[in-house]
Every structure is written in structure tokens, then in C-alpha cells.
Asks: 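Before I ask anything, here is the structure I am working with.
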Amino acid sequence: MPELPEVETMRRGLSPVVGRRITRIEKVRCRHKPITMRPSLAAIRRRITGRTIQAVERAGKRIVLCLDGGDRLLIHPRMAGLVLLHDPPDTEHLRLRIHLSGREARKLLYWDRRGLGTIELLDAKALAALNASGTLGPDALQTTTKSLRRRLAGSRRAIKVALLDQRAIAGIGNLYASEILHVARIHPECRCRQLTAAQWRRLHAAIIEVLQQAIDLEGSTLSDGTYRNALNQAGRYQNHHRVYQRTGQVCTTCGDARIVRNVQSQRSTFFCPRCQKPPSG
DNA sequence: CCCCAGTCCTGCGGGC
DNA sequence: TGCCCGCAGGACTGGG
């Protein structure tokens with residue numbers, strides 16, 4: 001499931017497309033339901049064919065292709081989407097080929113096993129409106145202890161649930177939320193309001209540490225094998241998971257308690273009951 | 001403000 | 001062996 005580290009890895013892998021012109025957008029024949037595109041594929045095609053990709057950025061869990069003239073193509077892989085330069089995992093779920101000028105890396109591919117991903121074209125005005133709407137909070141890697149507190153400390157929500165709120169902080173998903181809280185030694189059911197100054201500092205440090213290490217190891221490829229980088233290679237951070245999908249296994253930090261799974265907001269949470277003390281009261 | 005259930009979508013694994 | 005069901009969860013929506 002692409003979260004910040006996986007999307008950042010994809011973004012880095014896409015650097016060869018910078019400076020290229022979009023020559024053709026090809027919808028791949030696919031037996032599955034088409035993915036959501038806004039506006040329609042035809043309209044996107046009309047507007048961006050012939051444009052040059054000036055930069056590849058990331059906004060939370062979205063890849064942003066910055067085009068000359070100010071338009072932005074936002075690719076949001078959601079659960080099972082990949083943005084690739086070569087060799088998709090299979091051809092059955094290949095959705096889109098964006099043909100580019102130049103000699104190498106002439107195709108930017110969008111592959112999506114579940115089809116939950118979305119592709120949106122925004123002009124400068126729509127982009128400004130999106131930024132103003134607060135739909136997408138500040139990037140998790142750009143937060144400070146102070147900004148984290150300012151955005152979350154007043155909430156009555158459990159910290160695990162709040163970390164998943166992209167309006168508060170962008171980029172953290174279900175996997176990294178559990179990992180981050182374990183590093184920070186904070187129980188996932190602690191209410192934001194009850195966290196101490198020391199806990200906020202540890203939380204911020206853990207966000208940076210976990211996300212940065214995961215980026216260094218090119219993200220997590222789970223047993224379903226879906227996530228790959230832009231060159232269709234697996235990540236390596238899954239070998240460093242402390243709690244995620246480790247229910248019943250001994251915690252590697254305390255070497256004593258076993259990892260517990262519970263459900264918050266209909267989502268699995270994993271934690272160590274010894275390292276992460278439950279909230280008092 | 002916040003919570004919850006439902007929705008989108010497909011593949012996979014468990015149970016029978 | 002095959003079928004059905006539930007699960008995976010990011011983001012959004014509608015109702016409370």
C-alpha cells in the first residue's frame with residue numbers, strides 16, 4: 001500500500017522523465033473497470049499532449065507531474081497502484097501509458113491491481129483551491145514537533161487514528177502509523193489531548209526516523225508483492241517492521257511481550273503492550 | 001468537532 | 001476441487 005516512503009521512492013525513480021515532452025497518452029485495453037480520471041481521459045489528453053514535464057514532485061501519497069504552463073497531473077496510487085518506467089508486474093492490470101519524447105525511458109506507466117487509484121489534472125487555480133481547502137495537510141517529513149502539536153494536540157481522537165488523517169499530516173498510512181507509535185513508545189489508543197510534551201517530541205522524532213529509514217530502504221513490499229519502485233523492484237523496509245503484521249511474535253525491542261493486533265476505525269493496529277503503555281485513566 | 005458505516009475495487013486465503 | 005466469504009485499507013460521503 002503506497003504510503004509516503006513508497007510514493008517518494010516512486011518519485012525518485014521517475015527523475016528520468018523530467019524535461020520530456022508528452023507525445024501520447026494511451027489507455028491500455030484492460031478487462032477491469034477503468035480508473036477514475038478527472039476530468040475525463042479525453043479532456044486530459046487534449047490538455048497535456050505536447051506539454052513538457054518540468055518536475056516530478058510528491059504531495060503526501062500523490063505523485064505530482066508538474067507541466068509547463070502550470071498544470072499539475074496528480075497520480076494517486078491508493079491501495080495498489082504503481083507509477084513505473086518499465087516492466088509492470090503484469091500486463092493485465094496496466095491502465096495507462098504516457099509516451100514521452102527522448103531516447104530512453106520513453107513510457108511512463110500507470111499500473112493498478114485494484115483500480116482504486118485516481119488521476120487528476122489541476123490547473124493553477126484548481127491547485128490553489130485544493131491547497132486552500134486544507135484537504136491535504138503539511139507533508140509528514142516537513143513537520144516539526146511544534147507543528148505536529150499545533151495540528152493534533154487539541155483532538156480527542158486516538159493518536160493512531162489522528163495520524164491517518166491526511167488533513168492533519170499528509171503521508172502516513174496504516175502500516176507506518178503502527179511502526180511510528182512503536183518507535184515513539186506511545187500506545188495507539190492514547191488520546192491526542194493526553195500526550196505529554198515528551199511524547200510529542202518522541203512522536204515527531206519517530207515520524208522522521210521511520211519514514212526516512214523506510215525511504216532509504218525503498219519502502220515496504222508486503223507478502224502480496226504489490227508495491228515496487230519505478231523500476232519494478234521490491235522495497236526492503238518490510239524486513240525492519242517492528243509490529244506491523246507481527247501479531248503473536250515476540251517484540252524485538254523488549255524481547256518479552258508479544259505483539260498485539262486490535263482494530264481502530266475499522267483498521268488494524270499493531271503494538272507491543274509492554275513497550276507502549278496503555279493510556280492512564 | 002468527531003465517530004461510524006458504507007463505498008469504490010480486485011485478489012487472495014480460510015473454511016467447508 | 002471449487003465456491004463463498006471476509007479481509008486488505010486510502011479517501012471520501014452521508015448520517016448521527
Side-chain angles (χ1 to χ4, degrees), chain A residues 1-8 10 28-38 58-64 74-83 88-96 110-120 122 126 129-131 133-140 150-181 188-195 211 214 219-228 238 241 243-248 261-270:
Chain A
M1 64 218 64
E3 303 181 26
L4 188 152
E6 289 76 26
V7 178
E8 175 62 18
M10 282 184 216
V28 180
R29 288 175 68 89
C30 176
R31 67 182 173 89
H32 304 289
K33 215 174 162 236
I35 59 160
T36 300
M37 296 185 78
R38 281 187 294 265
R58 180 182 57 74
K61 301 173 190 171
R62 298 159 167 87
I63 293 279
V64 182
L74 271 58
I75 307 176
H76 194 332
R78 295 273 179 102
M79 290 298 296
L82 296 176
V83 186
D90 61 54
T91 51
E92 184 192 343
H93 299 96
L94 189 60
R95 312 292 177 138
L96 213 62
Y110 183 67
W111 179 94
D112 195 332
R113 202 190 64 198
R114 288 173 63 181
L116 291 172
T118 58
I119 297 182
E120 271 181 290
L122 302 183
L130 176 70
N131 288 333
S133 73
T135 310
L136 199 58
D139 198 80
R150 191 173 61 237
R151 299 189 77 89
L152 295 179
S155 172
R156 261 184 274 264
R157 285 186 289 180
I159 184 61
K160 158 69 168 23
V161 176
L163 285 177
L164 297 179
D165 183 350
Q166 303 300 298
R167 293 167 302 182
I169 323 157
I172 299 171
N174 203 48
L175 189 163
Y176 291 102
S178 285
E179 293 297 316
I180 286 165
L181 289 171
E189 282 168 7
C190 286
R191 306 279 141 183
C192 293
R193 281 196 164 181
Q194 294 168 340
L195 294 187
L211 295 180
S220 299
T221 297
L222 302 181
S223 53
D224 70 2
T226 295
Y227 164 71
R228 327 289 289 180
Q238 65 279 5
H241 289 176
V243 289
Y244 189 75
Q245 289 186 344
R246 296 193 67 246
T247 311
R261 185 188 92 101
N262 71 6
V263 175
Q264 292 175 273
S265 273
Q266 302 159 272
R267 245 139 252 185
S268 294
T269 301
F270 302 87

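Within every chain, numbering begins at 1; the chains are lettered A, B, ... in the order of the sequence lines, protein sequences first and strands thereafter.
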Asks: Tell me what A:Ser268 touches on the nucleic acid: a base, only sugar-phosphate, or nothing, going by heavy atoms under 4.0 Å.
Replies: sugar-phosphate
Asks: Report the distance from atom CZ of A:Arg114 to atom P of B:dT7, rounded to the nearest whole Å.
Replies: 15 Å
Asks: B:dT10 C1' sits how many Å from A:Asp90 CG, rounded?
Replies: 12 Å
Asks: Please determine whether a side-chain nitrogen or oxygen atom of A:His93 lies at a distance below 4.0 Å from atom OP1 or OP2 of B:dT10.
Replies: no
Asks: Need one value for A:Arg78: base, sugar-phosphate or nothing, where a base atom within 4.0 Å counts as base even if backbone is also close, heavy atoms only.
Replies: base
Asks: Between atom CH2 in A:Trp111 and atom C1' in B:dG11, what is the gap in whole Å?
Replies: 10 Å
Asks: Of the non-hydrogen atoms in A:Leu4 and A:Lys61, which two are nearest, and what is the gap between them?
Replies: N-CG, 4.3 Å
Asks: Tell me which nucleotide among C:dC12, C:dG9, C:dG10 gets nearest to the side chain of A:Arg62.
Replies: C:dC12
Asks: In whole angstrom, what separates A:Met79's CE from C:dC7's P?
Replies: 15 Å
Asks: Between C1' on B:dC3 and CD on A:Glu189, what's the gap in Å once rounded to a whole number?
Replies: 15 Å
Asks: Remember a base hit wins even if backbone is also touched, and classify A:Gln266 as base, sugar-phosphate or nothing at under 4.0 Å, heavy atoms.
Replies: base
Asks: For A:Gln245, report the nucleic acid contact type (base, sugar-phosphate, nothing); a contact means any heavy atom under 4.0 Å.
Replies: nothing
Asks: Using the P atom as the point on both nucleotides, what is the distance between C:dG6 and B:dA5, in whole Å?
Replies: 16 Å
Asks: Is A:Arg267 side chain donor-acceptor paired with the C:dA8 base, going by distance under 3.5 Å alone?
Replies: no
Asks: Taking only side-chain nitrogens and oxygens of A:Tyr244, does any of them come within less than 4.0 Å of OP1 or OP2 of C:dG9?
Replies: yes
Asks: Checking contacts here: which listed nucleotide (B:dG11, C:dG10, C:dA8) is nearest the side-chain heavy atoms of A:Glu92?
Replies: B:dG11
Asks: Can you tell which of B:dT10, C:dG9, C:dA11 lies closest to the side chain of A:Gln166?
Replies: C:dA11
Asks: What is the distance, rounded to the nearest whole Å, between atom CZ of A:Arg156 and atom P of B:dC3?
Replies: 9 Å
Asks: Using atom CG of A:Asp165 as one end and atom C1' of C:dA11 as the other, report the distance to the nearest whole Å.
Replies: 11 Å
Asks: Can you see if the side chain of A:Ser155 gets near the phosphate of B:dC1 - specifically, an N or O under 4.0 Å from OP1 or OP2?
Replies: no
Asks: Report the nucleotide, chosen from B:dC2, B:dG11, C:dG10, that has the shortest atom-to-atom distance to any side-chain atom of A:Arg157.
Replies: B:dC2
Asks: Hey, are A:Arg78 and A:Asp112 close enough for a salt bridge, meaning a charged N less than 4.0 Å from a carboxylate O?
Replies: no
Asks: Could you state the atom-to-atom distance from CZ of A:Arg113 to P of C:dA8 in whole Å?
Replies: 14 Å
Asks: Between A:His241 and A:Tyr176, how do the two ring planes meet: parallel, tilted or perpendicular, split at 30° and 60°?
Replies: perpendicular
Asks: Answer with base, sugar-phosphate or nothing: what part of the nucleic acid does A:Arg38 contact at a heavy-atom distance below 4.0 Å?
Replies: nothing
Asks: Look at the side chain of A:Glu120 and the backbone N and O of A:Arg38, then say whether any donor-acceptor pair between them is shorter than 3.5 Å.
Replies: no
Asks: Considering only C:dG9, B:dC3, C:dG10, which nucleotide approaches the side chain of A:Arg191 most closely?
Replies: B:dC3
Asks: Does A:Ser178 reach the main-chain N or O of A:Phe270 with its side chain, forming a donor-acceptor pair under 3.5 Å?
Replies: yes
Asks: Using every non-hydrogen atom in the two residues, find where A:Met10 and A:Leu82 come nearest and quote the distance to one decimal.
Replies: CE-CD2, 4.0 Å
